[in-house]
Amino acid sequence: MPLSGGSLFPRGGLACAPACARREEAGRRRRRAGSRMSSPCHTSAVLVVFMALAVVGAEQSKERSCDVIGDESSESQMERALLKKLEPLSPMRFNVTVEKDKTENYIYHFRVCREVNSTLHDFGGLVQTDRQNGKTTVIGRINETQVFNGSDWIMLIYKGGDSYGRHCSGEKRRAVIMISCKRGVTASSFSIISEEREKEQECFYLFEMDSSVACPAEDSHLSVGSILLITFASLIAVYIIGGFLYQRLVVGAKGMEQFPHFAFWQDLGNLVADGCDFVCRSKPRNAPAAYRGVGDDQLGEESEERDDHLLPM
């Protein structure tokens, strides 16, 4: 390549150097701008991923509850109230083991309006486990619930369990749980009573347990008169204590004067005494007094009988 004037640069090299520098500077600016833009985008993407994971975790951690048979609009106020009443039992798990013979050895797992195993998502509220082979059978599901009550009991029914094999015409199993009133006990004595499976239809498993949630509300043992008497006594106590503190700390009274409105109550007591004397006395009202009082009108009187002669002369 020919050189110009003995220069070390090719012809036109000096002219293109500023343009190359400008292109390199523009490239560096684009790269810096791209890095600044990519950082917020990366942060936003991470936030979106975390939010999605949180939503999925919340959905998984939220346990399903009882769903009364029928549309939600058809649920009665009584059914909603009973399900609300059973909520204290929801966190608890109940188990009972039944061993009839070598062929029947089961464990029954029960939860009130919750799934026994929430990871399976099978709505199983009462599940039977065969201790010999580990097979599980859903006796009743919480998404097919019936509930009603009496004076001191609540009946909870889970329907829609796994189908019978050779019994009960192959219909679906159902569990009936009788919750009886027992005050002072949150829940106890969960047990199986019987399994009715010798019929053609309407077979069921019957369980029972004790709980205070089935008890009716206790009525107050205080009568209206007792409540009024307690209220009146409380007001009297507040009046005496408050008046005593006021008289002592604010007024600076001492002794009996510390009693609130002492003069008024003293006069009232005298009036009450006079009234009792006027009403209750048995002597005639115009009878003279049995004694002679020392009054102001008697101080100036002198006795007609003088005993000057008794004095020594």
Side-chain angles (χ1 to χ4, degrees), residues 63-70 74-100 104-117 122-131 136-164 167-169 171-219:
E63 292 187 295
R64 297 168 177 172
S65 60
C66 282
D67 185 11
V68 178
I69 295 176
S74 63
E75 295 181 9
S76 65
Q77 294 292 335
M78 183 197 70
E79 291 173 328
R80 294 192 185 98
L82 290 176
L83 294 178
K84 183 73 174 178
K85 199 173 182 179
L86 292 173
E87 283 185 358
L89 304 180
S90 297
M92 301 180 180
R93 294 177 178 270
F94 305 95
N95 303 305
V96 61
T97 302
V98 177
E99 185 175 359
K100 295 182 179 180
E104 293 189 5
N105 191 350
Y106 302 112
I107 300 178
Y108 292 92
H109 310 274
F110 168 60
R111 292 191 69 186
V112 178
C113 287
R114 292 294 186 273
E115 291 177 296
V116 172
N117 191 347
D122 59 355
F123 294 100
L126 204 154
V127 178
Q128 177 194 73
T129 302
D130 193 329
R131 300 181 66 184
T136 59
T137 303
V138 177
I139 306 299
R141 289 182 164 84
I142 62 175
N143 62 332
E144 297 187 32
T145 300
Q146 285 183 312
V147 60
F148 49 91
N149 69 328
S151 59
D152 59 351
W153 54 268
I154 297 176
M155 183 77 76
L156 184 66
I157 301 176
Y158 291 159
K159 293 185 175 182
D162 293 342
S163 300
Y164 282 99
H167 307 286
C168 304
S169 303
E171 69 177 6
K172 292 185 177 181
R173 292 174 170 85
R174 63 172 177 166
V176 179
I177 304 96
M178 170 70 77
I179 305 175
S180 302
C181 168
K182 187 174 183 180
R183 298 191 183 278
V185 176
T186 304
S188 66
S189 305
F190 176 70
S191 60
I192 181 171
I193 303 302
S194 64
E195 179 188 359
E196 185 61 55
R197 61 179 185 180
E198 303 302 328
K199 302 189 300 182
E200 293 296 325
Q201 291 181 339
E202 300 297 327
C203 298
F204 60 88
Y205 293 75
L206 179 61
F207 299 82
E208 70 172 0
M209 62 180 296
D210 298 329
S211 176
S212 58
V213 300
C215 298
E218 291 184 306
D219 296 331

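Fair warning: this is a prediction, and the values are worked out from it, not measured in the lab.
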Least distance between heavy atoms, Ile142 atom then Ser65 atom | CD1-O, 3.7 Å
Measure the spacing between OG of Ser188 and CE of Met92 and express it to the nearest 0.5 Å.
-> 10.0 Å
Ile154 side chain near Ile177 side chain, heavy-atom distance below 4.5 Å | no
Side chains of Glu202 and Glu196 in contact at under 4.5 Å (non-hydrogen atoms) = no
Expected output: side-chain Ser211 to main-chain Val213 donor-acceptor under 3.5 Å = yes
I would like to know whether Phe204 and Tyr158 meet side chain to side chain contact (heavy atoms under 4.5 Å, CB included); could you show each step before the answer?
-> CA-CA 10 Å; Phe204 60 88; Tyr158 291 159; over 6 Å; no
Audit row: Asp130, Tyr106, side chain to side chain contact (heavy atoms under 4.5 Å, CB included) steps and yes/no | CA-CA 5 Å; Asp130 193 329; Tyr106 302 112; 3.8 Å; yes
Ala187 and Leu89: which non-hydrogen atoms are nearest, and at how many Å?
-> CB-CD2, 3.8 Å
Is there a donor-acceptor pair under 3.5 Å between the side chain of Ser212 and the backbone N or O of Gly184?
-> no
Answer yes or no: is there a side-chain heavy-atom contact under 4.5 Å between Ile193 and Met178?
-> no
OG of Ser194 to CD of Glu208: how many Å apart, nearest 0.5 Å?
-> 10.0 Å
So, the side chain of Glu79 versus the backbone of Ser76: is there a donor-acceptor pair under 3.5 Å, distance only?
-> yes
Considering all heavy atoms of both residues, which atom of Met155 and which atom of Val176 are nearest to each other, and what is their separation?
-> SD-CG1, 3.1 Å
With respect to Cys203, which candidate in Glu198, Lys172, Glu171, His167 satisfies the side chain to side chain contact (heavy atoms under 4.5 Å, CB included) definition?
-> Glu171
How far apart are the C-alpha atoms of Asn117 and Thr136, what are their side-chain angles, what is the distance that settles it, and do they pass the side chain to side chain contact (heavy atoms under 4.5 Å, CB included) test?
-> CA-CA 11 Å; Asn117 191 347; Thr136 59; over 6 Å; no
Could you grab the distance from atom SG of Cys181 to atom CG of Asn149, nearest 0.5 Å is fine?
-> 12.0 Å
Hey, what do you get for NZ (Lys159) to CZ (Arg141), rounding to the nearest 0.5 Å?
-> 14.5 Å
Side chains of Phe207 and Phe110: closer than 4.5 Å at any heavy-atom pair?
-> no
Donor-acceptor pair, side chain of Glu115 and main chain of Phe123, under 3.5 angstrom = yes
Is there a donor-acceptor pair under 3.5 Å between the side chain of Arg131 and the backbone N or O of Ile107?
-> no
For the residue pair Phe94 and Phe190, categorise the inter-ring angle as parallel (less than 30°), tilted (30 to 60°) or perpendicular (more than 60°).
-> tilted
Is any NZ, NE, NH1 or NH2 atom of the basic residue among Lys182 and Asp152 found under 4.0 Å from an Asp or Glu carboxylate oxygen of the other?
-> no
Side-chain donor/acceptor of Ser169 to backbone N/O of Glu200, under 3.5 Å | yes
Donor-acceptor contact below 3.5 Å, side chain Arg93 vs main chain Arg111 | no
Identify the two heavy atoms, one from Val98 and one from Ile192, that lie closest to each other, and give their separation to 0.1 Å.
-> CG2-CG2, 3.2 Å
Start with the C-alpha gap between His109 and Thr129, add the side-chain angles, then the distance that decides, and say whether side chain to side chain contact (heavy atoms under 4.5 Å, CB included) holds.
-> CA-CA 8 Å; His109 310 274; Thr129 302; 3.3 Å; yes
Kindly compute the distance separating CG (Leu83) from CE (Met78), expressed to the nearest 0.5 Å.
-> 9.5 Å
From Asn143 CG over to Asp122 CG, what is the distance, rounded to the nearest 0.5 angstrom?
-> 9.5 Å
Under 3.5 Å, side chain of Asp162 to main-chain N/O of Val138, donor-acceptor pair present?
-> yes
Geometric cation-pi criterion, Arg173 with Tyr205: 6.0 Å, 45° | no
